[in-house]
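Everything on this sheet refers to the single structure shown next.
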Amino acid sequence: MHRFNVQIPGNNPTLPGVFPNMFPLATGQFGGLPLMPVQAMTQQATRHARRVYVGGLSPTANEQSVATFFSQVMAAIGGNTAGPGDAVVNVYINHEKKFAFVEMRSVEEASNAMALDGIIFEGAPVKVRRPSDYNPSLAATLGPSQPSPNLNLAAVGLSPGSAGGLEGPDRIFVGGLPYYFTEAQIRELLESFGPLRGFDLVKDRETGNSKGYAFCIYQDLSVTDIACAALNGIKMGDKTLTVRRANQGATQPKPEQESILQHAQQQIALQRLMLQPQGVPTKVVCLTQAISEDDLRDDEEYGDIVEDMRQEGGKHGALVNVVIPRPNPNGESLPGVGKVFLEYSDVEGSRKAQAAMNGRRFGENQVIAVFYPENKFAQGEYDG
(Lines give C-alpha, C1' and ligand atoms only; values in the text may rest on other atoms or scores of the structure.)
Protein backbone atom coordinates (compact mmCIF):
# COMPACT_ATOMS: atom_id res chain seq x y z
CA MET A 1 0.00 0.00 0.00
CA HIS A 2 1.36 3.40 -1.00
CA ARG A 3 0.36 6.41 1.03
CA PHE A 4 1.75 9.84 0.39
CA ASN A 5 1.45 13.32 1.68
CA VAL A 6 2.33 16.16 -0.61
CA GLN A 7 3.07 19.79 -0.01
CA ILE A 8 1.49 22.03 -2.59
CA PRO A 9 4.25 24.22 -4.08
CA GLY A 10 3.74 27.94 -3.75
CA ASN A 11 0.99 27.57 -1.18
CA ASN A 12 1.52 29.22 2.17
CA PRO A 13 -0.91 27.92 4.81
CA THR A 14 -2.66 30.54 6.89
CA LEU A 15 -1.68 28.78 10.10
CA PRO A 16 1.49 26.91 11.05
CA GLY A 17 1.60 23.14 11.43
CA VAL A 18 -0.57 22.06 8.51
CA PHE A 19 2.12 19.68 7.29
CA PRO A 20 2.91 17.80 10.52
CA ASN A 21 4.39 14.80 8.70
CA MET A 22 6.75 16.98 6.72
CA PHE A 23 7.57 19.65 9.30
CA PRO A 24 7.54 18.18 12.83
CA LEU A 25 6.08 20.60 15.33
CA ALA A 26 9.00 19.96 17.67
CA THR A 27 11.31 21.98 15.48
CA GLY A 28 9.67 25.17 16.64
CA GLN A 29 9.95 26.79 13.21
CA PHE A 30 7.76 26.78 10.09
CA GLY A 31 8.63 28.91 7.08
CA GLY A 32 10.95 31.02 9.22
CA LEU A 33 8.17 32.02 11.62
CA PRO A 34 8.04 31.09 15.31
CA LEU A 35 5.62 28.23 15.89
CA MET A 36 2.70 29.11 18.13
CA PRO A 37 1.45 26.07 20.05
CA VAL A 38 -2.11 27.45 20.29
CA GLN A 39 -2.31 27.91 16.53
CA ALA A 40 -0.94 24.43 15.93
CA MET A 41 -3.54 22.97 18.27
CA THR A 42 -6.28 24.91 16.49
CA GLN A 43 -5.11 23.61 13.13
CA GLN A 44 -5.14 20.03 14.40
CA ALA A 45 -8.57 20.47 16.01
CA THR A 46 -10.13 21.77 12.79
CA ARG A 47 -8.56 19.23 10.45
CA HIS A 48 -11.54 16.84 10.54
CA ALA A 49 -13.74 19.71 9.29
CA ARG A 50 -11.21 20.93 6.71
CA ARG A 51 -10.66 17.58 4.99
CA VAL A 52 -12.86 16.04 2.31
CA TYR A 53 -12.89 12.44 1.10
CA VAL A 54 -12.55 12.00 -2.69
CA GLY A 55 -13.35 8.49 -3.94
CA GLY A 56 -13.28 6.77 -7.33
CA LEU A 57 -9.96 8.23 -8.47
CA SER A 58 -8.40 6.98 -11.69
CA PRO A 59 -5.20 4.89 -11.43
CA THR A 60 -3.20 7.78 -12.95
CA ALA A 61 -4.21 10.30 -10.28
CA ASN A 62 -1.41 11.63 -8.10
CA GLU A 63 -1.14 14.10 -5.24
CA GLN A 64 -0.19 17.04 -7.42
CA SER A 65 -2.89 16.44 -10.04
CA VAL A 66 -5.57 16.12 -7.35
CA ALA A 67 -4.38 19.25 -5.55
CA THR A 68 -4.16 21.31 -8.74
CA PHE A 69 -7.55 20.15 -10.00
CA PHE A 70 -9.46 20.89 -6.79
CA SER A 71 -7.72 24.22 -6.29
CA GLN A 72 -8.69 25.23 -9.81
CA VAL A 73 -12.32 24.14 -9.58
CA MET A 74 -12.71 25.75 -6.17
CA ALA A 75 -11.53 29.02 -7.67
CA ALA A 76 -13.78 28.55 -10.70
CA ILE A 77 -16.95 28.13 -8.62
CA GLY A 78 -16.09 31.02 -6.31
CA GLY A 79 -15.53 28.67 -3.38
CA ASN A 80 -12.32 30.27 -2.09
CA THR A 81 -13.19 32.30 1.01
CA ALA A 82 -9.85 32.36 2.83
CA GLY A 83 -8.23 34.89 0.53
CA PRO A 84 -5.98 34.60 -2.53
CA GLY A 85 -4.01 31.43 -3.23
CA ASP A 86 -4.88 27.76 -3.56
CA ALA A 87 -7.65 26.30 -1.42
CA VAL A 88 -5.88 22.93 -1.15
CA VAL A 89 -2.99 22.70 1.30
CA ASN A 90 -2.45 18.96 1.58
CA VAL A 91 -3.34 15.71 -0.20
CA TYR A 92 -3.12 12.13 1.05
CA ILE A 93 -3.74 9.36 -1.51
CA ASN A 94 -4.41 5.67 -1.01
CA HIS A 95 -3.55 4.34 -4.47
CA GLU A 96 -4.73 0.81 -3.77
CA LYS A 97 -8.24 1.86 -2.82
CA LYS A 98 -8.29 4.84 -5.20
CA PHE A 99 -9.30 7.54 -2.76
CA ALA A 100 -7.77 10.69 -1.34
CA PHE A 101 -8.18 13.02 1.59
CA VAL A 102 -7.94 16.60 0.38
CA GLU A 103 -7.23 19.16 3.08
CA MET A 104 -8.50 22.71 2.59
CA ARG A 105 -7.28 25.94 4.18
CA SER A 106 -10.53 26.58 6.02
CA VAL A 107 -13.66 24.88 7.29
CA GLU A 108 -15.80 27.03 5.01
CA GLU A 109 -13.83 26.04 1.91
CA ALA A 110 -14.15 22.37 2.82
CA SER A 111 -17.93 22.82 3.07
CA ASN A 112 -17.96 24.51 -0.34
CA ALA A 113 -16.00 21.58 -1.76
CA MET A 114 -18.87 19.25 -0.82
CA ALA A 115 -20.82 20.77 -3.72
CA LEU A 116 -18.31 19.15 -6.10
CA ASP A 117 -19.71 15.63 -5.63
CA GLY A 118 -19.89 13.93 -9.02
CA ILE A 119 -17.43 16.27 -10.75
CA ILE A 120 -15.52 14.74 -13.65
CA PHE A 121 -11.84 14.23 -12.85
CA GLU A 122 -9.59 12.56 -15.44
CA GLY A 123 -12.59 11.30 -17.40
CA ALA A 124 -14.76 9.88 -14.62
CA PRO A 125 -16.98 11.22 -11.83
CA VAL A 126 -15.59 11.18 -8.31
CA LYS A 127 -17.36 11.03 -4.98
CA VAL A 128 -16.81 13.95 -2.62
CA ARG A 129 -17.79 13.18 0.96
CA ARG A 130 -16.99 14.04 4.56
CA PRO A 131 -14.27 11.81 6.08
CA SER A 132 -15.23 9.19 8.65
CA ASP A 133 -13.72 11.26 11.50
CA TYR A 134 -15.92 14.27 10.67
CA ASN A 135 -17.75 15.48 13.79
CA PRO A 136 -20.89 17.39 12.70
CA SER A 137 -21.61 18.84 16.13
CA LEU A 138 -18.09 20.13 16.62
CA ALA A 139 -17.80 21.27 13.01
CA ALA A 140 -20.92 23.41 13.39
CA THR A 141 -19.04 25.54 15.93
CA LEU A 142 -16.08 26.03 13.58
CA GLY A 143 -17.77 27.41 10.48
CA PRO A 144 -20.45 26.79 7.82
CA SER A 145 -21.27 23.11 7.40
CA GLN A 146 -23.13 23.47 4.09
CA PRO A 147 -21.87 24.78 0.72
CA SER A 148 -22.56 28.41 -0.05
CA PRO A 149 -25.76 28.81 -2.10
CA ASN A 150 -23.94 31.36 -4.26
CA LEU A 151 -21.41 28.95 -5.79
CA ASN A 152 -21.17 29.05 -9.58
CA LEU A 153 -21.37 25.28 -10.11
CA ALA A 154 -22.32 25.71 -13.75
CA ALA A 155 -18.75 26.90 -14.37
CA VAL A 156 -17.56 23.31 -13.86
CA GLY A 157 -20.54 21.51 -15.41
CA LEU A 158 -22.45 20.83 -12.19
CA SER A 159 -25.78 21.97 -10.81
CA PRO A 160 -26.93 22.22 -7.18
CA GLY A 161 -27.47 18.81 -5.61
CA SER A 162 -25.73 16.67 -8.19
CA ALA A 163 -23.98 16.57 -11.52
CA GLY A 164 -26.33 16.97 -14.45
CA GLY A 165 -29.24 17.89 -12.18
CA LEU A 166 -30.12 14.23 -11.57
CA GLU A 167 -30.26 13.18 -7.95
CA GLY A 168 -30.10 9.95 -6.02
CA PRO A 169 -27.87 6.87 -5.68
CA ASP A 170 -29.23 5.41 -8.93
CA ARG A 171 -27.90 8.25 -11.06
CA ILE A 172 -25.79 6.74 -13.87
CA PHE A 173 -22.64 8.20 -15.42
CA VAL A 174 -22.21 7.42 -19.14
CA GLY A 175 -18.72 8.30 -20.36
CA GLY A 176 -16.69 7.68 -23.50
CA LEU A 177 -19.48 8.74 -25.85
CA PRO A 178 -18.36 9.56 -29.40
CA TYR A 179 -18.79 13.28 -29.94
CA TYR A 180 -20.89 12.75 -33.07
CA PHE A 181 -23.63 10.90 -31.14
CA THR A 182 -26.81 12.96 -30.91
CA GLU A 183 -28.97 13.16 -27.80
CA ALA A 184 -31.64 11.12 -29.59
CA GLN A 185 -29.17 8.32 -30.39
CA ILE A 186 -27.86 8.17 -26.84
CA ARG A 187 -31.36 8.15 -25.36
CA GLU A 188 -32.35 5.35 -27.75
CA LEU A 189 -29.38 3.31 -26.59
CA LEU A 190 -30.16 3.86 -22.90
CA GLU A 191 -33.88 3.29 -23.31
CA SER A 192 -33.20 -0.29 -24.43
CA PHE A 193 -33.60 -0.99 -20.69
CA GLY A 194 -36.70 1.10 -20.07
CA PRO A 195 -37.92 4.70 -19.98
CA LEU A 196 -35.71 7.36 -18.44
CA ARG A 197 -36.78 9.63 -15.63
CA GLY A 198 -34.00 12.08 -16.40
CA PHE A 199 -31.23 12.51 -18.94
CA ASP A 200 -28.52 15.13 -19.41
CA LEU A 201 -25.89 15.14 -22.14
CA VAL A 202 -23.17 17.47 -20.88
CA LYS A 203 -22.20 20.08 -23.46
CA ASP A 204 -19.60 22.78 -23.82
CA ARG A 205 -21.21 26.05 -22.75
CA GLU A 206 -19.55 28.06 -25.52
CA THR A 207 -19.83 25.73 -28.52
CA GLY A 208 -22.84 23.65 -27.52
CA ASN A 209 -20.94 20.50 -28.56
CA SER A 210 -21.08 17.29 -26.56
CA LYS A 211 -18.30 16.77 -24.02
CA GLY A 212 -18.59 13.01 -24.49
CA TYR A 213 -20.41 12.12 -21.28
CA ALA A 214 -23.92 12.16 -19.88
CA PHE A 215 -25.97 11.34 -16.79
CA CYS A 216 -29.27 9.52 -16.61
CA ILE A 217 -31.65 7.86 -14.19
CA TYR A 218 -34.29 5.24 -14.98
CA GLN A 219 -37.93 5.34 -13.98
CA ASP A 220 -37.57 1.72 -12.86
CA LEU A 221 -34.55 1.85 -10.55
CA SER A 222 -34.23 -1.94 -10.54
CA VAL A 223 -32.67 -1.87 -14.02
CA THR A 224 -29.84 0.44 -12.98
CA ASP A 225 -27.25 -2.28 -12.36
CA ILE A 226 -28.38 -4.26 -15.41
CA ALA A 227 -27.91 -1.25 -17.67
CA CYS A 228 -24.49 -0.50 -16.18
CA ALA A 229 -23.29 -4.10 -16.59
CA ALA A 230 -24.55 -4.40 -20.17
CA LEU A 231 -23.28 -1.05 -21.43
CA ASN A 232 -19.96 -0.72 -19.63
CA GLY A 233 -16.99 -1.56 -21.84
CA ILE A 234 -18.88 -1.56 -25.12
CA LYS A 235 -16.97 -0.24 -28.13
CA MET A 236 -18.68 2.69 -29.83
CA GLY A 237 -16.78 3.80 -32.90
CA ASP A 238 -13.27 4.60 -31.69
CA LYS A 239 -14.28 4.89 -28.04
CA THR A 240 -15.19 2.57 -25.17
CA LEU A 241 -18.15 3.33 -22.93
CA THR A 242 -17.72 3.74 -19.19
CA VAL A 243 -21.11 3.24 -17.54
CA ARG A 244 -21.60 3.03 -13.79
CA ARG A 245 -23.49 4.51 -10.88
CA ALA A 246 -22.22 8.08 -10.72
CA ASN A 247 -21.39 7.96 -7.00
CA GLN A 248 -20.27 4.36 -6.69
CA GLY A 249 -17.83 1.90 -8.16
CA ALA A 250 -18.90 -0.90 -10.44
CA THR A 251 -21.60 -3.20 -9.07
CA GLN A 252 -22.57 -6.67 -10.19
CA PRO A 253 -26.16 -7.62 -11.08
CA LYS A 254 -27.94 -10.06 -8.80
CA PRO A 255 -28.19 -13.71 -9.93
CA GLU A 256 -31.89 -13.38 -10.75
CA GLN A 257 -31.03 -10.53 -13.11
CA GLU A 258 -28.68 -12.57 -15.28
CA SER A 259 -31.29 -13.62 -17.87
CA ILE A 260 -32.46 -10.04 -18.19
CA LEU A 261 -28.86 -8.93 -18.59
CA GLN A 262 -28.23 -11.48 -21.34
CA HIS A 263 -31.22 -10.24 -23.31
CA ALA A 264 -30.19 -6.65 -22.71
CA GLN A 265 -26.68 -7.31 -24.03
CA GLN A 266 -28.16 -8.72 -27.23
CA GLN A 267 -30.21 -5.57 -27.64
CA ILE A 268 -27.14 -3.44 -27.00
CA ALA A 269 -25.17 -5.28 -29.67
CA LEU A 270 -27.93 -4.37 -32.11
CA GLN A 271 -28.01 -0.73 -30.99
CA ARG A 272 -24.23 -0.52 -31.18
CA LEU A 273 -24.19 -1.60 -34.81
CA MET A 274 -26.92 0.86 -35.66
CA LEU A 275 -25.09 3.76 -34.02
CA GLN A 276 -21.63 3.10 -35.37
CA PRO A 277 -20.41 4.84 -38.54
CA GLN A 278 -21.39 2.60 -41.43
CA GLY A 279 -18.11 2.56 -43.32
CA VAL A 280 -17.06 3.95 -46.71
CA PRO A 281 -20.08 4.17 -49.03
CA THR A 282 -20.21 1.61 -51.84
CA LYS A 283 -22.92 0.71 -54.35
CA VAL A 284 -23.94 -2.31 -52.26
CA VAL A 285 -26.01 -2.13 -49.07
CA CYS A 286 -26.17 -5.14 -46.76
CA LEU A 287 -29.20 -5.54 -44.49
CA THR A 288 -28.98 -7.73 -41.38
CA GLN A 289 -31.62 -8.53 -38.76
CA ALA A 290 -34.23 -8.19 -41.52
CA ILE A 291 -35.12 -11.86 -42.04
CA SER A 292 -34.63 -15.19 -40.29
CA GLU A 293 -33.31 -18.41 -41.79
CA ASP A 294 -36.70 -20.06 -41.41
CA ASP A 295 -38.28 -17.34 -43.57
CA LEU A 296 -36.13 -18.47 -46.48
CA ARG A 297 -36.97 -22.18 -46.58
CA ASP A 298 -40.41 -21.90 -48.16
CA ASP A 299 -40.22 -21.05 -51.89
CA GLU A 300 -43.37 -18.96 -51.94
CA GLU A 301 -42.41 -16.98 -48.87
CA TYR A 302 -38.91 -16.50 -50.25
CA GLY A 303 -40.36 -15.05 -53.46
CA ASP A 304 -42.50 -12.63 -51.47
CA ILE A 305 -39.48 -11.46 -49.47
CA VAL A 306 -37.44 -10.84 -52.63
CA GLU A 307 -40.28 -8.81 -54.14
CA ASP A 308 -40.80 -6.82 -50.94
CA MET A 309 -37.11 -6.00 -50.79
CA ARG A 310 -37.04 -5.04 -54.46
CA GLN A 311 -39.94 -2.64 -53.99
CA GLU A 312 -38.57 -1.13 -50.78
CA GLY A 313 -35.03 -0.81 -52.14
CA GLY A 314 -36.26 0.71 -55.40
CA LYS A 315 -37.71 3.69 -53.53
CA HIS A 316 -34.24 5.09 -52.90
CA GLY A 317 -32.45 4.72 -56.24
CA ALA A 318 -31.90 2.63 -59.37
CA LEU A 319 -31.70 -0.94 -58.08
CA VAL A 320 -29.51 -3.26 -60.17
CA ASN A 321 -29.74 -6.48 -58.18
CA VAL A 322 -31.25 -8.06 -55.06
CA VAL A 323 -29.44 -11.05 -53.55
CA ILE A 324 -30.84 -12.98 -50.58
CA PRO A 325 -28.78 -16.13 -49.85
CA ARG A 326 -30.80 -19.24 -48.85
CA PRO A 327 -29.93 -22.38 -46.88
CA ASN A 328 -29.22 -25.39 -49.10
CA PRO A 329 -31.95 -28.08 -49.43
CA ASN A 330 -30.47 -30.35 -46.75
CA GLY A 331 -30.85 -27.54 -44.21
CA GLU A 332 -27.18 -26.62 -44.00
CA SER A 333 -26.66 -22.93 -43.36
CA LEU A 334 -24.49 -21.18 -45.95
CA PRO A 335 -22.47 -17.94 -45.73
CA GLY A 336 -24.65 -14.86 -45.91
CA VAL A 337 -27.90 -16.58 -44.96
CA GLY A 338 -30.08 -14.08 -43.13
CA LYS A 339 -28.64 -11.11 -45.01
CA VAL A 340 -30.11 -9.07 -47.86
CA PHE A 341 -27.85 -7.43 -50.44
CA LEU A 342 -29.10 -4.47 -52.49
CA GLU A 343 -26.92 -3.38 -55.41
CA TYR A 344 -27.49 0.11 -56.82
CA SER A 345 -26.32 1.72 -60.05
CA ASP A 346 -24.59 4.52 -58.15
CA VAL A 347 -23.44 5.48 -54.65
CA GLU A 348 -26.07 8.19 -54.38
CA GLY A 349 -28.81 5.58 -54.40
CA SER A 350 -27.03 3.31 -51.94
CA ARG A 351 -26.42 6.25 -49.56
CA LYS A 352 -30.11 7.09 -49.51
CA ALA A 353 -31.06 3.45 -48.99
CA GLN A 354 -28.61 2.93 -46.14
CA ALA A 355 -29.74 6.08 -44.34
CA ALA A 356 -33.42 5.31 -44.81
CA MET A 357 -33.35 1.60 -43.97
CA ASN A 358 -30.92 1.54 -41.03
CA GLY A 359 -33.03 1.15 -37.89
CA ARG A 360 -36.27 0.56 -39.81
CA ARG A 361 -38.52 -2.40 -39.02
CA PHE A 362 -39.15 -5.21 -41.47
CA GLY A 363 -41.92 -7.25 -39.96
CA GLU A 364 -40.96 -7.58 -36.29
CA ASN A 365 -37.24 -7.13 -36.91
CA GLN A 366 -35.19 -3.95 -36.62
CA VAL A 367 -32.90 -3.64 -39.62
CA ILE A 368 -29.19 -2.80 -39.58
CA ALA A 369 -28.01 -1.40 -42.93
CA VAL A 370 -24.29 -1.17 -43.76
CA PHE A 371 -22.25 -0.68 -46.91
CA TYR A 372 -20.71 -3.86 -48.34
CA PRO A 373 -17.46 -4.18 -50.36
CA GLU A 374 -18.28 -4.25 -54.07
CA ASN A 375 -15.46 -6.67 -54.91
CA LYS A 376 -16.65 -9.26 -52.38
CA PHE A 377 -20.23 -8.94 -53.60
CA ALA A 378 -19.16 -9.37 -57.24
CA GLN A 379 -17.29 -12.58 -56.31
CA GLY A 380 -20.27 -13.98 -54.44
CA GLU A 381 -18.58 -13.71 -51.04
CA TYR A 382 -21.44 -12.95 -48.65
CA ASP A 383 -19.84 -13.85 -45.32
CA GLY A 384 -18.22 -10.45 -44.63
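From a predicted model like this one, the values you see are computed outputs, not experimental measurements.
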Next on the checklist: Distance check, rounded to the nearest 0.5 Å: Lys352 atom NZ versus His316 atom NE2?
Outcome noted: 10.0 Å
Item to check | Side-chain ion pair, Asp225 and Arg245, N-O less than 4.0 Å | outcome: yes
Item to check | Value rounded to 0.5 Å, distance of OG in Ser148 from CG in Asn112 | outcome: 5.5 Å
Checklist entry - Taking only residues two or more places apart in sequence, or in another chain, which ones meet Arg351 in a side-chain contact (heavy atoms from CB on, under 4.5 Å)? => result Pro281, Val347, Phe371
Checklist outcome for this item: CZ (Phe193) and SG (Cys228) are apart, to the nearest 0.5 Å, by 9.0 Å
Checklist outcome for this item: Closest non-hydrogen atoms of Pro131 and Phe101, given as atom of the first, atom of the second and distance, are CB-CE2, 3.7 Å
Item to check | Test item: Asp298 side-chain N/O and Glu300 main-chain N/O as donor-acceptor pair under 3.5 Å | outcome: yes
Next on the checklist: Run the ring-ring contact (aromatic ring centres under 6.0 Å, His included) test against Tyr53 and tell me which residues pass, sequence neighbours left out.
Outcome noted: Phe99
Next on the checklist: So Thr60 and Glu122, do their side chains get closer than 4.5 Å, heavy atoms only?
Outcome noted: yes
Next on the checklist: Tell me if a side-chain donor or acceptor on Gln379 pairs with a main-chain N or O of Lys376 at a distance below 3.5 Å.
Outcome noted: no
Checklist entry - Is any side-chain heavy atom of Leu189 closer than 4.5 Å to a side-chain heavy atom of Ile186? => result no
Item to check | Point-to-point distance, once rounded to the nearest 0.5 Å, from CG of Leu190 to CD1 of Ile172 | outcome: 7.5 Å
Checklist entry - Can you name the closest pair of heavy atoms from Asn94 and Glu96 and give their distance? => result OD1-N, 3.1 Å
Item to check | Expected output: side-chain Thr282 to main-chain Tyr372 donor-acceptor under 3.5 Å | outcome: yes
Next on the checklist: Testing the 3.5 Å rule here: is there a donor-acceptor pair between the side chains of Gln72 and Thr68?
Outcome noted: no
Next on the checklist: For Asn135, is there any backbone N or O sitting under 3.5 Å from a side-chain donor or acceptor partner on His48?
Outcome noted: yes
Item to check | Leu142 to Leu138 - nearest heavy-atom pair and separation | outcome: CG-O, 3.4 Å
Next on the checklist: Could you tell me if the side chain of Leu196 sits less than 4.5 Å from the side chain of Ile217, heavy atoms only?
Outcome noted: no
Checklist entry - Any sub-3.5 Å donor-acceptor pair from Asn152's side-chain atoms to Ile77's backbone N or O? => result no
Checklist entry - Does some side-chain heavy atom of Phe341 sit less than 4.5 Å from a side-chain heavy atom of Val322? => result no
Checklist entry - Quick one: are the ring centres of Phe69 and Phe121 less than 6.0 Å apart? => result yes
Next on the checklist: Return the CD to CZ distance between Glu183 and Arg187, rounded to the nearest 0.5 Å.
Outcome noted: 8.0 Å
Item to check | Non-hydrogen side-chain atoms of Pro195 and Tyr218 separated by less than 4.5 Å | outcome: no
Checklist entry - Do you know which two heavy atoms are closest between Ala76 and Val156, and how far apart they sit? => result CB-CG1, 4.0 Å
Next on the checklist: Just to verify, which of Glu109, Met104, Arg105, Met74 counts as forming a side-chain contact (heavy atoms from CB on, under 4.5 Å) with Thr81?
Outcome noted: Glu109
Item to check | Reference residue Leu342; test side-chain contact (heavy atoms from CB on, under 4.5 Å); the match among Val284, Val323, Leu287, Asn321 | outcome: Leu287
Next on the checklist: Tell me whether Tyr134 contacts the main-chain N or O of Arg51 through its side chain, where contact means a donor paired with an acceptor under 3.5 Å.
Outcome noted: no
Item to check | Shared hydrophobic cluster, Val107 / Val102 (ILVMFWY, side-chain heavy atoms < 4.5 Å) | outcome: no
Next on the checklist: On a heavy-atom basis, which atom in Phe199 and which in Cys216 lie closest, and how many Å separate them?
Outcome noted: CD1-CB, 4.1 Å
Checklist entry - Do the side chain of Thr46 and the main chain of Ala49 share a donor and acceptor less than 3.5 angstrom apart? => result no
Checklist entry - What's the spacing between Leu201 CG and Leu177 CG if we round to 0.5 Å? => result 7.0 Å
Checklist entry - So Asp117 and Arg129, salt bridge (charged side-chain N to carboxylate O under 4.0 Å, His left out) or not? Walk me through it. => result CA-CA 7 Å; Asp117 183 37; Arg129 301 281 192 274; 2.8 Å; yes
Item to check | Heavy-atom side-chain proximity of Leu116 to Phe70 below 4.5 angstrom | outcome: yes
Checklist entry - Any side-chain heavy-atom pair from Ile234 and Thr240 closer than 4.5 angstrom? => result no
Next on the checklist: Keeping Gln354 on the side-chain end and Ala369 on the backbone end, is there a donor-acceptor pair under 3.5 Å?
Outcome noted: yes
Checklist entry - Between Leu296 and Pro327, is any pair of side-chain heavy atoms under 4.5 Å apart? => result yes
Item to check | Step-by-step side chain to side chain contact (heavy atoms under 4.5 Å, CB included) determination, Val340 to Ile291 | outcome: CA-CA 8 Å; Val340 177; Ile291 52 178; 3.8 Å; yes
Next on the checklist: The criterion is side chain to side chain donor-acceptor pair (under 3.5 Å); which residues satisfy it with Gln311, sequence neighbours excluded?
Outcome noted: Glu307
Next on the checklist: Could you go through Asn232 and Arg244, starting from their C-alpha distance and side-chain angles, then the distance that decides it, and tell me whether this counts as side chain to side chain contact (heavy atoms under 4.5 Å, CB included)?
Outcome noted: CA-CA 7 Å; Asn232 188 56; Arg244 69 186 193 195; 5.6 Å; no
Checklist entry - Ignoring hydrogens and geometry, is there a side-chain-to-backbone donor-acceptor pair from Tyr344 to Val285 under 3.5 Å? => result no
Next on the checklist: If I compare all heavy atoms of Ser210 with all of Tyr179, which pair ends up nearest, and what's the gap?
Outcome noted: O-CD2, 3.2 Å
Next on the checklist: Under a 3.5 Å cutoff, is there a donor and acceptor pairing between the side chains of Arg130 and Ser111?
Outcome noted: yes
Next on the checklist: Whether Glu343 and Lys283 form a salt bridge (side-chain N of Lys/Arg under 4.0 Å from carboxylate O of Asp/Glu) is what I want to check.
Outcome noted: no
